[in-house]
Amino acid sequence: MAKLFRAAIMGPPGSGKGTISKRIAQSFGLQYLSSGHFLRESVATNTDAGVPVMTYIERSMLVPDHVMTRLMLPRLEQLRGQSWLLDGFPRTLAQAQALNSLYQLDLVISLNIPYETLKERLSDRWIHPASGRVYNMGFNPPRVQGKDDVTGEPLIQHDDDKPEALMARLRHYKDVAKPVIDLYKSQGILHSFSGTETDRIWPYINSLLSTKMHIQPSNVFQTQTP
Ligand code: G5P
Ligand code: MG
């Protein structure tokens with residue numbers, strides 16, 4: 001059996017974590033866990049715990065560490081024996097330490113994307129709330145405007161993608177991410193990628209994962225090489 005592979009992807013709001021994670025999951029067969037998606041799911045399905053969580057998300061504030069670890073760590077427990085990729089968790093040093101006490105990550109990808117690029121992307125972003133599918137009116141528009149490709153249901157825009165909320169998220173992201181990035185750097189597992197286009201960053205990530213996992217990716221994205 002192939003060695004288990006555990007990875008995380010970090011980056012400010014709109015940096016392409018979700019887009020790149022889906023490509024990694026498809027190409028390399030990793031289970032993909034998005035903290036933002038699980039939070040929104042918990043809001044949609046569990047009214048008691050969901051309501052306070054929604055107030056953090058709407059105000060662009062980080063959800064408390066104990067809520068995040070309680071949400072994410074049991075899901076990893078269910079994936080025992082499988083390789084996985086975390087998107088958006090850990091986001092604070094306390095979350096990284098909680099994760100570290102249970103699992104040793106093999107690789108952490110950090111995305112550095114200019115602010116102007118982030119602002120443009122997020123103001124154009126639409127979501128299918130039930131599935132978490134994300135569209136961008138320029139980069140990957142839905143086939144029918146305003147409708148989800150799979151279900152045909154209406155797309156919505158999140159309150160935390162509006163400009164005031166976005167500035168606050170970006171400022172806060174930098175402060176909180178620094179000690180997490182320093183931790184993974186000190187463990188020798190941090191790989192940073194900079195740029196304004198996901199399609200240009202992707203081939204480098206693809207190539208890094210092929211090397212680290214000792215496997216060739218298995219889908220359409222494999223044709224792109226640096
Ligand atoms: P989320 O849901 O994790 P964020 O804020 O970290 O949200 P987000 O917004 O999901 O991150 P992303 O995943 O980094 O962004 O990026 P993406 O969705 O792939 O791409 C952004 C947009 O750009 C998309 O429309 C995409 O199609 C487009 N795009 C991608 N590449 C390109 C390109 O090259 N060109 C163009 N033109 N477009 C492109 O977290 C939400 C909230 O949950 C809480 C917090 O409140 C957070 O604000 N939360 C946590 N709180 C505490 N601890 C944690 N661990 C938490 N995790 C979530
Ligand atoms: Mg995301």
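Residues: numbered from 1 along the sequence shown. Both counts, for ligands and for their atoms, begin at 1 and track the order of listing.
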Proximal atoms of ligand 1 relative to Gln95 (non-hydrogen, under 4.0 Å): 52 (C), 53 (N), 54 (C), 55 (N)
Keeping Asp148 on the side-chain end and Glu153 on the backbone end, is there a donor-acceptor pair under 3.5 Å? no
Please work out whether any backbone atom (N, CA, C, O) or any side-chain heavy atom from C-beta onward of Pro12 is under 4.0 Å from ligand 1, and answer side chain, backbone, both or neither. backbone
Asp65 side-chain N/O to Leu93 backbone N/O, donor-acceptor pair under 3.5 Å: no
State whether the shortest distance between N or O atoms of Asp87 and N or O atoms of ligand 1 falls below 3.5 angstrom. no
For atom 3 (O) of ligand 1, which of Met10, Arg91, Arg121, His37 has the closest heavy atom? Arg91
Does Gly11 come within less than 4.0 angstrom of ligand 1, counting non-hydrogen atoms of the residue? no
Need the ligand 1 atom indices (1-based, order shown) with element for anything under 4.0 Å from a heavy-atom of Gly88. 54 (C), 55 (N), 56 (C), 57 (N)
Could you tell me which atoms of ligand 1, counted from 1 in the order shown, lie closer than 4.0 angstrom to a heavy atom of Leu39? 43 (O), 44 (C), 49 (N), 50 (C), 58 (C)
Say you draw a straight line from OG of Ser34 to CZ of Arg40; how long is it, rounded to the nearest 0.5 Å? 7.0 Å
Against heavy atoms of Val134, which atoms of ligand 1 measure under 4.0 Å? 24 (C), 25 (O)
Heavy atom under 4.0 Å from ligand 1: found in Tyr135's side chain, backbone, both, or neither? backbone
Against ligand 1, does Glu120 come closer than 4.0 Å with any heavy atom? no
For ligand 1, which is the ligand I care about here, please tell me if Phe89 has any N or O atom under 3.5 Å from one of the ligand's N or O atoms. no
Does Ser15 come within less than 4.0 Å of ligand 1, judged by its heavy atoms? yes
Closer than 4.0 Å to some heavy atom of Met61 - which atoms of ligand 1 meet that? 45 (C), 46 (O)
Residues which pass side-chain hydrogen bond (donor to acceptor under 3.5 Å, both in side chains) with Glu77, listed by chain and number, not counting sequence neighbours: Arg80
Under 4.0 Å to a heavy atom of Thr198 - the qualifying atoms of ligand 1, by number: 30 (C), 31 (N), 32 (C), 33 (C), 34 (O)
Under a 4.0 Å N-O cut-off, is there an ion pair linking Asp182 with Lys178? yes
Could you tell me whether some N/O pair between Pro90 and ligand 1 is separated by less than 3.5 angstrom? no
Which residues end up grouped with Tyr135 if you chain together Ile, Leu, Val, Met, Phe, Trp and Tyr wherever their side-chain heavy atoms are less than 4.5 Å apart? Trp126, Met137, Leu155
Contact partition for Lys17 relative to ligand 1, non-hydrogen atoms under 4.0 Å: both
Counting from 1 in the order shown, the ligand 1 atoms closer than 4.0 Å to a non-hydrogen atom of Asn140 are 27 (O)
Considering both backbone and side-chain atoms of Ile20, is one of its nitrogen or oxygen atoms within less than 3.5 Å of a nitrogen or oxygen in ligand 1? no
Number the atoms of ligand 1 from 1 as they appear, then name those within less than 4.0 Å of a heavy atom of Ser35, with their elements. 56 (C), 57 (N), 58 (C)
